[in-house]
Amino acid sequence: VSTQSTGFVRMAENPHRSAIISEILNTEHVYLSALCKLVELSNTALGSCMQPAEVKTIFQNVRSIRTLSVKFTQDLRSGLQLTSYPDRIGDVFLDLLPFFQIYADYYRNYDNAQNLLDSLKKKKEVKTFLKAVAASSEGLQLDYMIIM
């Protein structure tokens with residue numbers, strides 16, 4: 001492993017670097033799958049047991065977050081094809097940094113979403129929907145899915 005004049009190990013030559021990048025990509029892929037499931041659930045909820053305002057409060061800006069996750073995953077994946085990419089992993093994060101604000105918006109509304117979901121659980125059609133969500137999601141409750 002070579003060092004530059006600063007004494008730091010060149011990141012592109014670090015043997016663990018590729019494994020770290022691969023783990024980031026794999027984690028983001030799993031996260032993207034969960035976001036896609038949430039978007040699907042929001043569509044189902046809207047058509048079966050919740051009003052548009054309720055769906056908007058509970059699922060918030062999950063579609064925008066999914067769009068950002070798609071872009072982030074694509075940038076990571078396409079970057080893996082470039083030989084100079086390992087030195088540019090930070091650029092992918094920095095390029096998308098302004099867009100990560102949507103996570104703060106989502107977090108700020110989380111308590112409202114959870115409180116509304118708790119109150120809706122009293123409705124029979126919502127209970128049925130939530131049971132179906134858990135059955136189709138390996139037992140995961142919607143409460144846990146909306147904070148992923």
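Not measured: the values here are computed from a predicted model.
One hydrophobic cluster holds both L38 and Y103 under the rule that ILVMFWY side chains link at heavy-atom gaps under 4.5 Å. No path of Ile, Leu, Val, Met, Phe, Trp and Tyr side chains, each step under 4.5 Å between heavy atoms, connects I65 with Y144, placing them in separate hydrophobic clusters. Under the 4.5 Å side-chain heavy-atom criterion for Ile, Leu, Val, Met, Phe, Trp and Tyr, F129 and L46 are members of the same hydrophobic cluster. L76 is connected to I20 through a chain of hydrophobic side-chain contacts under 4.5 Å among Ile, Leu, Val, Met, Phe, Trp and Tyr, so both are in one cluster. No continuous path of hydrophobic side-chain contacts links Y106 to V70 [ILVMFWY only; heavy atoms under 4.5 Å].
For S48 and E125, the side-chain atoms include no donor-acceptor pair closer than 3.5 Å.
Of all non-hydrogen atoms in T57 and N109, the two that sit nearest each other are O-ND2, 3.2 Å. Residues H29 and R77 share a closest heavy-atom pair of ND1-NH2, 4.0 Å. Across all non-hydrogen atoms, the minimal contact from R66 to L35 is CA-CD1, 3.8 Å. Closest approach of F99 to L68, counting heavy atoms only: O-CD2, 3.6 Å. Summarising the geometry of E54 relative to C49, their closest heavy-atom pair is OE1-O, 4.5 Å, with the distance given to 0.1 Å. For the pair D143 and K121, the tightest heavy-atom approach, listed with the atom from each and the gap, is OD2-NZ, 2.7 Å.
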Practice task
Evaluate the side chain to side chain contact (heavy atoms under 4.5 Å, CB included) criterion for residues V126 and L130: first the C-alpha distance (whole Å), next the side-chain angles of each, then the deciding distance (0.1 Å), finally the verdict.
Solution key: CA-CA 6 Å; V126 173; L130 294 175; 3.9 Å; yes
Practice task
Kindly determine whether F93 and I24 satisfy side chain to side chain contact (heavy atoms under 4.5 Å, CB included), including the steps that lead there.
Solution key: CA-CA 11 Å; F93 286 92; I24 292 169; 4.3 Å; yes
Exercise for the section: For side chain to side chain contact (heavy atoms under 4.5 Å, CB included), just list the numbers for L41 and K37, CA-CA rounded to whole Å, side-chain angles, deciding distance to a tenth of an Å, and then say yes or no. Expected result: CA-CA 6 Å; L41 291 174; K37 178 71 173 178; 4.2 Å; yes
Practice task
Take I146 and Q114, measure what side chain to side chain contact (heavy atoms under 4.5 Å, CB included) needs, and give me the verdict at the end.
Solution key: CA-CA 9 Å; I146 62 172; Q114 188 60 56; 4.0 Å; yes
Practice task
Take T27 and E23 through the side chain to side chain donor-acceptor pair (under 3.5 Å) test and state the conclusion after the steps.
Solution key: CA-CA 6 Å; T27 300; E23 181 62 26; 3.2 Å; yes
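Proximity of F59 to L142: side-chain heavy atoms (C-beta onward) are separated by under 4.5 Å at one or more points. Here the side chains of K71 and D95 are not in contact, with every heavy-atom distance at 4.5 Å or above.
For the atom pair CG (D75) and CG (L25), the distance works out to 11.0 Å, reported to the nearest 0.5 Å. One finds the CG atom of N115 at 10.5 Å from the CD1 atom of I58 (value rounded to the nearest 0.5 Å). A distance of 5.5 Å separates CG in N61 from CD1 in I102, rounded to the nearest 0.5 Å. Rounded to the nearest 0.5 Å, atoms CG (L116) and CG (D111) are 12.5 Å apart. Considering OG of S69 and CD of Q74, their distance stands at 9.5 Å, rounded to 0.5 Å.
In this structure, S136 contributes its side chain and V133 its backbone to a donor-acceptor pair below 3.5 Å.
More than 12 heavy atoms of other residues, nucleotides or ligands sit less than 6.0 Å from atom OH of Y110. Atom NZ of K123 has more than 12 heavy atoms from other residues, nucleotides or ligands within 6.0 Å.
Taking the six-membered ring where tryptophan is involved, the planes of F100 and F72 are perpendicular, since the angle between them exceeds 60° and thus also 30°.
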